[in-house]
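Down below is the structure, laid out as C-alpha cells.
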Amino acid sequence: MPEAISIADFTLVNHASDEGLIHVINAIVSAATGLSKDIRNAGLEDHILGAQGLDNVQGEAQQKLDLVADNAFIAAFQNCGVVCGIASEENDDFVAFASQESQNGKYIVLFDPLDGSSNIDVNVSIGTIFAVYRRISPTGTMAVLEDMLQPGTQQVAAGYVLYGSSTMLVYSTGNGVNGFTLDTVLNKFFLSHPMMKMPEMGRYYAMNEGNINECEPALKDYIAYCQSHQNDFNSPYSGRYIGSLVADFHRNLIKGGIYIYPAVFAHPMGRLRLLYECNPLAFIAEQAGGLATTGRERILSVQPQQLHQRVPYFIGSKSMVQKAMSFLK
Ligand code: AFP
C-alpha cells in the first residue's frame, strides 16, 4: 500500500509557489484539530455543551461551542502572520488585526466557525466553513470592509471541516477538490479523497420541508417532482435533511443530490449567509463539477453588499440544480 500523504506534505507540494497560503491552511488545520478534540469530548466537558445565553448578530442563540470555535479560529488566523483580517458569522463586525506582521499579510478569511450549531447538543454532525481571499487594500495597512465584500469568484481557497463519524477537511484552491481525514492517533490529516467529483445526478434532496408552504409555489412543484414517479429515476428521490449544511453538502458531494434553502416567509432573502456558508461551498461544488445558484443566478457572481447578507441557496449535482431552476420563473 502506498504511504499516506499528510496534509502538510500535500500543501508543500501543491502550493509551493505560495508560502502564505500554506500558512493559512496550516492555521485551519491546527484550529480544526483542536476543535475536533473539543467536539469529541463535548458531553464530558461542562463548559462546552449548551447555550451561551447570548444571541449572535443574526438573532440566533449562540452555543458555548460556537464561541470556543470562533475564538480558536480567530487566534489561529491572528497568529499565522499572513492574514490581515477576518469576518466570522458569530461576530457583528469584521476584525482587522493590528500587529505590523498581520498588516503585512495579504489574505483575509471569512468563516462560519461552527455551522449546524443546533445539532451540537444532540451529537449530530457539524462543521466549519471557510473562504480565503487576497486583500484589496494595500499591504502594510489595516484591512477594510471592502476586503471582506468580494464576490465568491475571487476566492483563492475555500473548504470545510466536517466533524462527523470521522473528522474531514475538504478544500480547493481552484485545481480540484481534495479531502483529508483526521487520524486521531497521530492527530494529523491524511489525504483520503483525492480529486473529488460530485455526481452529475443523484437521488437525494435536502430541504427543510416544514417550510414547504412558506416558499414560492413553483418550488413546491419541484419538490412534488422529486417525490413523484415522473422524475429522472421514475421513482421518488430520498429526502435527507440533517440541518447541518456541511453534512448535507458533503453527502451530496459524494453521493449526488441537491440541497435547497429557499426564500421563505420568515427569511425573505433565504436563511444562509452568502460570505460564510454559500460562497465557500459554491466554490467547492463548482470545482467538483456541481452547481450553486440562488435559484436564478450563480452564487459566485453575487456582489456582496453587507457582511451578514443572506441569499436563497440551491447547491448540488449540476443537473438537479438546473432542473430545480427550470421550475422557477
Ligand atoms: P445553525 O448553525 O444556526 O444551526 O444554522 C445551521 C444552518 O445555517 C445550516 O447549517 C442548516 O442547513 C440550516 O441553517 C438549518 O436551518 P433550519 O433549521 O431553518 O432548517
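Remember, it's 1-based here, ligands and their atoms both numbered in the order they're listed.
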- Output yes when a side-chain donor or acceptor of Asn79 lies under 3.5 Å from a complementary backbone atom of Ala75, and no otherwise.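 Answer holds: yes.
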
- Would you check if the side chain of Asp70 reaches a backbone N or O of Pro113 as a donor-acceptor pair within less than 3.5 Å? no

- Between Val24 and Phe283, is there a shared hydrophobic cluster once you connect ILVMFWY residues whose side-chain heavy atoms come closer than 4.5 Å? no

- Answer yes or no: is there an ion pair linking Glu216 with Arg296, defined by an N-O contact shorter than 4.0 Å? yes

- Quick one: OG1 on Thr128 to CG on Leu114, what's the gap to the nearest 0.5 Å?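 CG of Leu114 is found 5.5 Å from OG1 of Thr128.
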
- Message: Let me confirm one number: the OH-OH distance from Tyr133 to Tyr107, rounded to the nearest 0.5 Å.
- Response: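 Between atom OH of Tyr133 and atom OH of Tyr107 there are 14.0 Å.
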
Contact atoms of ligand 1, heavy-atom distance to [X] under 4.0 Å:
X: Arg273; answer: 8 (O)
X: Asn208; answer: 17 (P), 19 (O), 20 (O)
X: Tyr241; answer: 12 (O), 13 (C), 15 (C), 16 (O), 17 (P), 20 (O)
X: Arg271; answer: 1 (P), 3 (O), 5 (O), 14 (O), 16 (O), 17 (P), 18 (O), 19 (O)
X: Ser244; answer: 10 (O)

Side chain or backbone of [X] under 4.0 Å from ligand 1, or both, or neither, by non-hydrogen atoms?
X: Ser118; answer: both
X: Asp248; answer: neither
X: Leu245; answer: both
X: Met207; answer: neither

- Message: I'd like to know whether CD of Glu146 has more than 12 heavy-atom contacts from other residues, nucleotides or ligands below 6.0 angstrom.
- Response: no

- Item | Whether Tyr205 and Tyr237 hold their rings parallel, tilted or perpendicular, with breakpoints at 30° and 60° | tilted

- Query: Any N or O on Val246 sitting closer than 3.5 Å to an N or O of ligand 1?
  - Reply: no

- Task: Consider ligand 1: state whether an atom of it lies below 4.0 angstrom from any non-hydrogen atom of Glu277.
- Result: yes

